[in-house]
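These numbers were taken from a predicted model, which means no experiment stands behind them. All residue numbers refer to positions in the sequence shown, counting from 1.
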Amino acid sequence: MKPADSGKLGFAIVGLGKFATQQIMPSFKDCKHARITALVSGSPDKAKQLAQEYGVAEKSIYSYDNFDSIKDNPEVDIVYIILPNSMHAEYTIRAAKAGKHVLCEKPMATSVEDCEKMIAACNKAGKKLMIAYRAHYEPFNLDAMDRIRKGELGKIKAITSDHGRPVKPTEDKADSWRVVKKMAGGGSLMDIGIYALNACRYLTGEEPVEVTAQEFSDKSDPRFKEVEDNIHFTLRFPSGVLASCTSSYSYSEVKRGRVFGDKAWLDLDPLSDYYEHNMKIGDDKGKEEPKLKEGNQFAAELDHMAECVRDNKTPKTPGEEGLKDVRYIMAIYEAAKKGKAVKV
């Protein structure tokens with residue numbers, strides 16, 4: 001162990017796909033409280049190569065078959081699950097039984113029942129469960145939330161948020177499982193529309209009471225034989241705020257949100273990108289573009305999880321946060337299917 005790493009909590013990375021290797025693992029260099037101490041993969045050669053690159057001991061490389069033996073590795077405090085959605089519940093439950101805390105990618109799972117089982121397993125084991133909602137640790141989103149809470153926009157009246165990108169299962173291996181219902185649980189809403197849904201909740205600070213939705217997918221497109229492409233959904237909040245959101249797997253990439261207040265509006269475009277965020281605020285006097293320091297949202301998220309484990313605190317985005325979104329997603333699917341509003 002390097003002296004610089006002493007005191008840092010150890011993470012096992014489960015799943016060495018594109019997001020894990022290109023975004024998450026490189027971000028550990030910016031972490032103050034977290035380090036990589038184990039890898040779990042179905043590709044031994046890839047795992048061995050990454051282990052050398054990140055200084056992980058060869059004995060701390062696991063396959064999915066021998067994953068449970070991670071319980072005997074004192075270097076692993078936290079397991080970070082970066083697998084296809086349908087595998088989140090199984091590996092969260094196995095990690096908890098192995099006595100490890102869990103950070104799990106969103107969406108938390110593909111059903112409400114699985115989310116509840118994940119929470120129960122971690123509670124039973126006395127372990128933390130956090131869902132990786134990175135935008136909650138991202139400086140521009142945090143600043144927007146702060147301005148809204150302080151009343152800079154006045155009374156919030158409405159929100160719009162659009163999240164979409166073209167899914168390319170034949171070109172990008174990372175997209176291949178995303179169009180398979182059994183693995184993904186759903187299409188664009190589960191994968192990228194969840195950012196719009198979650199943003200509407202943290203920007204208002206409220207929980208929706210009713211959802212409506214319409215869905216359209218071109219079933220002659222092989223990508224959408226099993227999962228949805230376009231969903232347009234609305235969320236009605238107790239204060240009267242109405243959020244209008246879109247989610248797509250076929251339109252040109254967009255990840256934006258706008259909040260309308262009776263004094264001013266605030267734009268985040270992009271709202272949920274990996275890098276290079278942007279904010280604009282406007283009112284009847286004109287508009288401004290606050291200059292904020294970008295920061296590494298992934299490192300902030302990893303450090304938050306490590307601090308919660310070390311200091312025995314509840315994570316800002318616990319399992320219950322993930323469960324809520326999955327409940328709302330199921331209600332949105334139901335509203336689209338029935339063609340009428342669904343109370344939540």
Open item on the list: Run Ile119 and Leu129 through side chain to side chain contact (heavy atoms under 4.5 Å, CB included) and show every step you take.
Closed with: CA-CA 7 Å; Ile119 292 168; Leu129 172 58; 4.1 Å; yes
Task: Stepwise side chain to side chain donor-acceptor pair (under 3.5 Å) check, Glu75 with Ser60 - done: CA-CA 9 Å; Glu75 291 274 281; Ser60 293; over 6 Å; no
- [ ] Dump the intermediate steps for side chain to side chain contact (heavy atoms under 4.5 Å, CB included) on Val102 and Lys127, then the final yes or no.
- [x] CA-CA 7 Å; Val102 180; Lys127 297 297 164 185; 6.0 Å; no
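Taken together through direct or relayed side-chain contacts under 4.5 Å among Ile, Leu, Val, Met, Phe, Trp and Tyr, Ile61 and Ile78 form parts of separate hydrophobic clusters. Hydrophobic clustering of Ile, Leu, Val, Met, Phe, Trp and Tyr side chains at less than 4.5 Å, counting indirect connections, unites Leu203 with Ile281. Hydrophobic clustering (side-chain heavy atoms under 4.5 Å, transitive across Ile, Leu, Val, Met, Phe, Trp, Tyr) keeps Leu39 apart from Leu83. Under a hydrophobic clustering in which Ile, Leu, Val, Met, Phe, Trp and Tyr are joined whenever their side-chain heavy atoms come within less than 4.5 Å, directly or via other members, Tyr54 and Met305 fall into the same cluster.
Checking side-chain atoms of Glu301 against main-chain N and O of Tyr137 turns up no donor-acceptor pair under 3.5 Å.
Legend: residues meeting side chain to side chain contact (heavy atoms under 4.5 Å, CB included) with Lys106, ordered by chain and number and at least two apart, are Ile131, Tyr133, Asp191, Ile194, Tyr195.
Within the model, atoms OG1 of Thr92 and CD1 of Ile81 stand 3.5 Å from one another, a figure rounded to the nearest 0.5 Å.
Relative ring orientation between Phe140 and His277 is described as parallel, the plane-to-plane angle staying below 30° on a 0-90° scale split at 30° and 60°. Between Tyr91 and Tyr64, the angle of the ring planes goes over 60°, which puts this pair in the perpendicular group of the 30/60° scheme.
The distance between the ring centers of Phe11 and Phe28 falls below 6.0 angstrom.
The side-chain heavy atoms of Pro315 and His304, taken from C-beta on, include a pair separated by under 4.5 Å. Residues Tyr80 and Leu302 are in side-chain contact: their nearest non-hydrogen atoms beyond the backbone lie under 4.5 Å apart.
Electrostatic pairing of Lys280 and Asp269 does not count as a salt bridge here, judged by no charged N lying under 4.0 Å from a carboxylate O. Using a 4.0 Å cut-off between charged nitrogen and carboxylate oxygen, Asp172 and Lys18 count as a salt-bridge pair. Residues Asp175 and Lys168 are not paired through a salt bridge, judged by the lack of any N-O separation under 4.0 Å between the basic side chain and the carboxylate. Using a 4.0 Å cut-off between charged nitrogen and carboxylate oxygen, Arg94 and Glu90 count as a salt-bridge pair.
Just one of Arg327, Arg201, Lys316 meets the salt bridge (Lys or Arg N to Asp or Glu O under 4.0 Å) condition when paired with Glu321; it is Arg201.
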